[in-house]
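Step one of this worksheet: look at the structure below.
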Protein chains: 2
Amino acid sequence: MAGTRELLMDEAERGVRSGGYNAVSFRDLADALGIKSASVHYHFRKKEDLGVALVDRYSKRFFEALDAQAEIARTPEDRIRAYCRTYRDALTSSDAICLCGMLGAETSGLPEAVSSAVREFFEENLAWLRGSLSAHMTDHDAHARSAHILATLQGAMMLSHNMDDLSVFDAAAAGVTSGF
Amino acid sequence: MAGTRELLMDEAERGVRSGGYNAVSFRDLADALGIKSASVHYHFRKKEDLGVALVDRYSKRFFEALDAQAEIARTPEDRIRAYCRTYRDALTSSDAICLCGMLGAETSGLPEAVSSAVREFFEENLAWLRGSLSAHMTDHDAHARSAHILATLQGAMMLSHNMDDLSVFDAAAAGVTSGF
DNA sequence: GTCTATAATTTGATAGAC
DNA sequence: GTCTATCAAATTATAGAC
C-alpha cells in the first residue's frame, strides 16, 4: 500500500543514482511496476516534474537522517562525524552515490528546475555545516571548511563507487575530521 | 587540419563533461562537424569505442599537464599544490567538470570498458599522489591522504560547477594543502 | 572518408475510453 | 488511476555506393 507514486520514485531514484538522469525512462519505470508508461505520466506530467520531486524527497530524507545522527552531538567534531556517517550510510545502504552528487555532475544537461533543486540541497548542506562550525572558528574559516567537507564526501562517494572499494570512502572521509 | 577524429572527440568530450555519456549522440556530433552520423561510425564503430578513446586521451593530457605543473616541485606541499592547480585549470579552461568525474558518477550505467578506463585514471591519480607523499609519511598515511585529496578535488569540481561559484572550488581545495 | 538509405528500438508525451 | 492507441522525434547501428 505504498502508493504508485512512491514506488515510481523509489525506482526512479535507484535508476538516477546508478546511471544518471538520462538513464531513466518512463517505460522502464512502468515496466518495473507492471503498469504502462502512460500511467506514469499521470503521476508526473513531465520528466522534469519527476526530477524535482526526487530531489525534494531525497533532501527531506537526508536531513531527517542527519538530524537523527547528530541529535546528541554537541562538539563540532562530533557533529562532523555524524555528518560523515550520514553520507556513508547513504552510500552503503543503496550501493549508489548521492542523488544530488549525480545530478550535480550532470547539471548542464538538466532542466533548470532540477539543477536548481540540487543547488538548494547543497546550500542547505553548507548552511548546516557552517552552523556546526561557526562557534569555534572565524566565519571565513567555517565557510571554507564547510565547502571542503561537502566536496570531500561527495567526491569520496563517487570515487568509492567507481573503484568498488568502501575503504576509499573511509580514507577520504578521515581527512575531514582532523584538525579540530 | 586537426583531423575529423580529433574534432569529433573534442565535441564529444565537451558533451560528456556537460551532460554525461547519454547526453551525447552520434547525430549531434555529426551535425557539429557538418557531416553525417554514418561517418562518425567510420571513426568509432560503437559508442563504447568513443567512450574509451575519450578517457584515454583525457588521461594522457591530464598527466602531461600535471607533469608540466609539477616539474620543478620538490616538496610534497609543492607537488600537491601543482596537483590542485592542474585540476583547477581543467575546471576553468573548459567550464566543465572532469571527464572522469562525470563518467565515474555514471559508472553503473556505462559499458564496462568505459568504467574500467575511468578506474585506471583514478588509480594513476592515487599512485601519483602516493609517490609525492610517501617519503614524508607512513605508507598508511600516504594512502589515506591520497584518497582524501583526489576525492576533495573531484567533489570540488562538481560542487563548484553546479553552484556556479569558483570560490567553492578554491575553498574546498585549500583544505588539502594544510597539515604538512 | 563521406555519403544515402534504412532498420530496429527507444524516447517523452498526448487523447480519450473505462 | 490505469488502460489502448498513437505520435513525432531521436537513438545506435549497418549495408553498400561514390
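The shown structure was predicted, so the numbers you read here are calculated from the model rather than taken from an experiment. First the proteins, then the strands, lettered A, B, ... as listed; each starts at 1.
- B:Arg57 pairs by the salt bridge (charged side-chain N to carboxylate O under 4.0 Å, His left out) definition with B:Glu6, B:Asp10, B:Glu13, not counting sequence neighbours.
- For the ring pair (Phe, Tyr, Trp, His ring centres under 6.0 Å) condition, the pairs that include at least one residue of residues 11-40 of chain A, sequence neighbours left out, are A:Phe26-A:His41.
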Verdict with reasoning, B:Leu133 to B:Ile80, per side chain to side chain contact (heavy atoms under 4.5 Å, CB included): CA-CA 9 Å; B:Leu133 299 169; B:Ile80 301 308; 4.0 Å; yes
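- Put simply, chain A comes within 4.0 Å of DNA chain D, heavy atom to any atom, from D:dG1 to D:dT6, going 5' to 3'.
- Residues of residues 39-54 of chain A that place a heavy atom closer than 4.0 Å to DNA chain D, in numerical order, are A:Ser39, A:Tyr42, A:His43.
- DNA chain D lies under 4.0 Å from at least one heavy atom of each of the following residues of residues 4-29 of chain A: A:Thr4, A:Arg27.
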Exercise answer: donor-acceptor pairs, residues 164-175 of chain A side-chain atoms, under 3.5 Å, sequence neighbours excluded:
from     : atom 1 : to       : atom 2 : distance (Å)
A:Asp165 : OD1    : A:Ser167 : N      : 3.0
A:Asp165 : OD1    : A:Ser167 : OG     : 2.7
A:Asp165 : OD2    : A:Ser167 : OG     : 3.3
A:Asp170 : OD1    : A:Arg88  : NE     : 2.7
A:Asp170 : OD2    : A:Arg88  : NH2    : 2.9

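- Shown here are the salt bridge (charged side-chain N to carboxylate O under 4.0 Å, His left out) partners of B:Arg79, two or more places apart in sequence or in another chain: there are none.
- In terms of heavy-atom proximity, A:Tyr58 sits nearest to A:Cys100 at CD2-SG, 4.2 Å.
- Residue pairs meeting the ring pair (Phe, Tyr, Trp, His ring centres under 6.0 Å) criterion with at least one partner in residues 64-100 of chain A, sequence neighbours excluded, are A:Phe62-A:Tyr87, A:Tyr83-A:Tyr87, A:Tyr83-A:Trp128.
- In this structure, the salt bridge (charged side-chain N to carboxylate O under 4.0 Å, His left out) partners of B:Lys46, at least two apart in sequence or on a different chain, are B:Glu48.
- Surrounding CG of A:Asp67 are more than 12 heavy atoms belonging to other residues, nucleotides or ligands, all under 6.0 Å away.
- A stem is defined here as three or more consecutive Watson-Crick or G-U pairs, each with both distances under 3.5 Å; for DNA chain C these stems are C:1-18 with D:1-18.
- Contacts classified as ring pair (Phe, Tyr, Trp, His ring centres under 6.0 Å) and involving residues 146-165 of chain A (residues at least two apart or in different chains) are given here: A:His148-B:His148.
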Chi angles and distances behind the side chain to side chain contact (heavy atoms under 4.5 Å, CB included) call for A:Ser94, A:Arg17: CA-CA 9 Å; A:Ser94 60; A:Arg17 290 175 71 179; 2.8 Å; yes
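- Applying the salt bridge (charged side-chain N to carboxylate O under 4.0 Å, His left out) criterion to B:Lys60, with sequence neighbours excluded, gives B:Glu64.
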